[in-house]
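Atoms within each ligand, like the ligands themselves, are counted from 1 in listed order.
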Amino acid sequence: MRVLLVGGGGREHALALGLVADSGVSALIAAPGNPGIASLAELRTVTPTDPAAVAALAVETAADLVVIGPEAPLVAGVADAVRAKGIPVFGPSGAAAQLEGSKAFAKDVMTAAGVPTARAYVCTDDESTARALDEFGAPYVVKDDGLAAGKGVVVTDDRAAALAHARECGRVVVEEFLDGPEVSLFVVTDGEAALPLLPAQDFKRLGDGDTGPNTGGMGAYAPLAWAPSGLVDDVMRDVVHPTLAEMRRRGTPFAGLLYVGLAITAAGPRVIEFNARFGDPETQVVLALLETPLAGLLHAAATGTLAEHPPLRWRDGSAVTVVLASEGYPAAPRTGDVITGADAPGIIHAGTARRADDGALVSAGGRVLCGTATGPDLAAARDAAYALVDGVDLPGSQHRTDIAATAIEGRITIPGGTVQP
Ligand code: AMP
């Protein structure tokens with residue numbers, strides 16, 4: 001199978017590692033890829049959000065499967081253009097990707113499907129925003145309606161800051177605060193059949209102890225020993241299948257990766273958000289534990305044959321990834337710094353580039369790379385991931401020092417009860 005992978009971040013590097021490990025893959029082409037992916041795939045240049053260009057590249061490279069990593073191409077309709085060429089594609093249509101592309105659309109689907117989520121209002125002016133903020137009270141949750149690369153959400157006790165964020169965004173969703181630990185559940189689906197991957201937890205805030213601004217994600221681990229038993233079955237029954245049924249009913253079936261972001265509240269799991277693609281950096285840890293050949297799984301979802309796919313197999317143990325971010329991230333990331341020590345297996349490239357004049361590896365984004373490791377238990381995986389990150393030199397870099405710590409120490413509490421590993 002010849003596979004074309006679209007994207008060039010850490011998620012795509014993790015996907016590339018999974019795809020080349022599948023003996024059914026004869027060639028991997030990545031567009032645009034990154035310096036980490038370069039050792040695994042043939043790199044081609046393409047504008048990932050240009051549907052015609054990606055479809056033409058899929059034809060030119062004789063791809064048997066196209067895997068679209070990021071959300072922007074999906075929302076732009078790249079999967080539709082590839083599918084129109086008769087080539088199987090892993091990733092939802094532009095219409096179905098609205099589950100991520102518009103928070104208001106996602107809320108509408110959830111309401112119609114009876115999915116448990118935070119109560120919310122769509123607001124477009126100061127007056128309606130203020131009314132919604134006062135109804136729910138602090139902490140205030142204000143979300144940009146459109147794609148914002150995971151950074152359009154403000155959670156704050158400061159009413160003025162909440163109002164200011166709403167004004168900046170224009171159209172927002174204001175919703176009630178969900179109290180409880182967060183879980184990311186990835187579900188591979190062909191629109192009807194659905195297979196959940198291992199639940200993972202990511203760390204959205206920049207600083208240790210969940211302080212500082214929201215980011216695209218500073219680290220992750222899997223599996224979640226502390227998660228309530230039956231969590232995945234409950235979420236498949238109460239969230240995933242009703243949502244897939246509602247999308248079919250609307251004539252826009254969702255096929256690809258449904259990312260369910262959950263808060264485990266005292267009243268049970270509640271959906272915080274849907275995404276239409278693998279999450280970054282959770283993909284790094286989930287795929288590190290997946291034993292089932294990845295390309296075969298994604299091909300089954302792309303061709304509507306997931307119901308016949310064998311049950312997924314997982315490696316024993318745990319996986320942890322720690323993100324190394326550039327100085328100034330997330331507000332004003334500095335790029336162009338020379339990176340050394342990034343060659344160890346387990347280093348996944350997210351925002352890196354080769355300098356034109358001398359080929360040196362340099363930072364090219366906010367989240368630059370991550371160290372991903374597995375181990376017989378969470379503590380061993382964590383130590384190995386930090387050893388990887390400690391071996392990298394990036395001037396001014398930032399990383400959290402507490403990835404997976406609360407889980408290892410049994411300090412994760414679900415409101416209304418403490419669940420220990
Ligand atoms: P989102 O882009 O919707 O995933 O939001 C980013 C982050 O903001 C989430 O991972 C949560 O940490 C936080 N967040 C979003 N919505 C809520 C909510 N209703 N209650 C509490 N925290 C939230």
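Below 4.0 Å from some heavy atom of Glu175 lie the following atoms of ligand 1, by number and element: 16 (N), 17 (C), 18 (C), 19 (N). The Glu182 neighbourhood of ligand 1 comprises atoms 9 (C), 10 (O), 11 (C), 12 (O), with distances under 4.0 Å to a heavy atom of that residue. Listed by atom number, the atoms of ligand 1 under 4.0 Å from Lys204 heavy atoms are 6 (C), 10 (O). Numbered from 1 in the order shown, with element, the atoms of ligand 1 that lie under 4.0 Å from a heavy atom of Val153 read 1 (P), 2 (O), 3 (O), 5 (O), 6 (C), 8 (O), 15 (C).
The pair Asp210-Arg400 counts as a salt bridge, with a side-chain nitrogen and a carboxylate oxygen less than 4.0 angstrom apart. Under 4.0 Å is where a charged nitrogen must lie from a carboxylate oxygen, and between Arg119 and Glu135 at least one such pair does. Glu175 and Lys107 are joined by a salt bridge, as a carboxylate oxygen and a charged side-chain nitrogen come within less than 4.0 angstrom of each other.
Using a 3.5 Å distance cut-off with no hydrogens or angles, the side chains of Asp145 and Ser102 do pair a donor with an acceptor.
Residues passing the salt bridge (Lys or Arg N to Asp or Glu O under 4.0 Å) test with Glu168, sequence neighbours excluded: none.
Looking at Asp179 against ligand 1, nothing comes within 4.0 Å, counting heavy atoms. Of the heavy atoms in Lys103, only side-chain atoms (C-beta onward) come closer than 4.0 Å to ligand 1.
Residue contact annotation: Arg270 has no non-hydrogen atom under 4.0 Å from ligand 1.
Ligand 1 has an N or O atom lying under 3.5 Å from an N or O atom of Leu178, backbone or side chain.
Under the 6.0 Å cut-off for aromatic ring centres, Phe177 and Phe136 do not qualify, their centroids lying 6.0 Å or more apart.
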